[in-house]
Amino acid sequence: MALVAAGALVYRSLPKMSDLVPVVRTADVGWLLLALVAELVSMRMFARQQWWLLRGFGVSLTIWRSIAVTYGRSAIAISMPAGSAVSAGFAYKAFRKAGASTEVAATVLLLSGVLSTAGLALLYLFGFLTLLAAHPQDTWRAHPAGSVIAGALVITLLVFAVWEATRRCEPDSHGVPGHGDDWTSSGWRASARHAVTAMVTLRTRYRRGALAFAIVNWLADLCCLAAVAQAFHLPLTFVEVGTAYVVVQLVRQVPLTPGGMGVIEASLLAALIAAGASEAPAAAVVLGYRLFSCWLIIPAGLFALALLRAGAARHAPSG
């Protein structure tokens, strides 16, 4: 029902096809190709983030298999009801097959989510501080809540930096305590405690590397949106497009539909129009961005799943 309602909302929000066609015909193909490359980079960075965390815990997984798992789980998350949970379960099993213990597999999933959120927060903070530096009084008056949030983020980052600087030594362990093989209904609560411990025990280079991959993942996805906006000649600055992007990502955290389908389109369209874009070009940008960041990922993910299953069948013991 939620997906149907979201689809109806998008349908009502989109302009007439007669208004969209002229905009699509004037699209700059070069910018669209750049948008596609940016989205490919974004997906690769997400794969590298989890690959790097697994390496930090001593689990060997090839980067190509990690990319295949990333596309496969993304397709699951986008196309299935309760896709996020099913996607996490699929990634958990893939990590276990790669040699991760139950706690390590769950911890990597949790840490990946935490660091991805932190990466988005840092991207927002950087953009907000840039805007604040350029127009301090106007930014404070227009975005008082954002200014408070940005200040809180700065304080949090400073505390974290001081904590990092005062650490006396790096532990030699690559794992977390209690690497058992039993996975019960209380496993996720236990793994949350392990994740907190892992954040401390994991070597600094792996924490920083995974956070860097998360930031580049978000930035590349934002660049995909910005490139599509350039392709359809949207009269908005990068900061304005970035503001709309962050708003949509906040909305996306509420899993009303699989992959945010319908909800993201409607929210992004409303945000771009509110920023000053015309209805038809804004709708073309939304459709183009979602083509690269969502709809094309489904067939790519299904192909990746087929490759993973074929690989598993080849390595299965003959009986």
Side-chain angles (χ1 to χ4, degrees), residues 1-7 42-43 45-51 53-54 57 59 61 65-98 100-120 176 180-196 198-199 210 213-214 217-218 221 248-265 267 290 293-309 312:
M1 289 297 294
L3 187 59
V4 173
S42 176
M43 292 293 291
M45 290 301 103
F46 183 64
R48 279 192 172 271
Q49 183 208 41
Q50 298 184 63
W51 167 78
L53 286 172
L54 287 169
F57 290 109
V59 179
L61 180 68
R65 185 172 181 84
S66 180
I67 291 173
V69 170
T70 297
Y71 272 94
R73 66 174 298 190
S74 297
I76 292 172
I78 293 170
S79 59
M80 294 182 62
S84 297
V86 179
S87 170
F90 168 76
Y92 171 81
K93 291 180 179 179
F95 297 161
R96 291 284 287 131
K97 289 180 180 179
S101 68
T102 55
E103 284 84 0
V104 165
T107 297
V108 167
L109 285 173
L110 289 170
L111 286 182
S112 177
V114 169
L115 291 172
S116 291
T117 302
L120 180 62
V176 292
D181 291 327
D182 294 329
W183 191 246
T184 64
S185 59
S186 61
W188 281 108
R189 290 193 297 271
S191 66
R193 293 192 297 270
H194 285 308
V196 174
M199 184 65 80
F213 286 134
N217 166 35
W218 289 114
D221 191 49
V248 169
Q249 294 308 322
L250 293 175
V251 174
R252 188 177 190 172
Q253 304 311 309
V254 182
L256 296 177
T257 61
M261 283 190 178
V263 178
I264 292 178
E265 287 84 354
S267 301
R290 288 296 279 169
S293 65
C294 177
W295 305 326
L296 286 180
I297 290 177
I298 295 177
L302 293 176
F303 179 70
L305 288 172
L307 290 179
L308 290 171
R309 288 181 180 176

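Heavy atoms only: backbone and side chains are in, while hydrogens, waters and symmetry mates are out.
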CG/N217 to CG/L120 distance, rounded to the nearest 0.5 angstrom?
9.5 Å
Are the side chains of F95 and V59 in contact, using a 4.5 Å heavy-atom criterion?
no
How close do S267 and V248 get, heavy atom to heavy atom, and via which atoms?
C-CG2, 4.0 Å
At what distance, to the nearest 0.5 angstrom, does CE of M80 lie from OG of S87?
10.0 Å
Looking only at heavy atoms, what is the nearest atom pair of L115 and A214, with distance?
O-CB, 3.6 Å
Atom pair OH (Y71) and CG (L302), whose distance is rounded to the nearest 0.5 Å
13.0 Å
Return the CG to NZ distance between L61 and K97, rounded to the nearest 0.5 Å.
12.0 Å
To the nearest 0.5 angstrom, please state how far the CZ atom of F46 sits from the CH2 atom of W218.
9.0 Å
Measuring only between side-chain heavy atoms, which start at C-beta, is F90 closer than 4.5 Å to L308?
yes
Sequence-distant partners of A47, side-chain contact (heavy atoms from CB on, under 4.5 Å), two or more places apart:
S66, I67, T70
Compare every heavy atom of S293 with every heavy atom of I297, then report the nearest pair and how far apart it is.
CD1-O, 3.1 Å
For D221, give me all partners under side chain to side chain donor-acceptor pair (under 3.5 Å), at least two apart in sequence or on another chain.
Y245, Y289
Closest approach of Q50 and V108, non-hydrogen atoms and distance?
O-CG1, 4.2 Å
Which heavy atom in Q49 sits nearest to a heavy atom in S112, and how many Å separate them?
OE1-OG, 2.7 Å
Quick check for you: to the nearest 0.5 Å, what is the distance between C294 atom SG and E265 atom CD?
6.5 Å
Minimum heavy-atom distance between A91 and L109, given as atom pair plus value:
CB-CD2, 3.8 Å
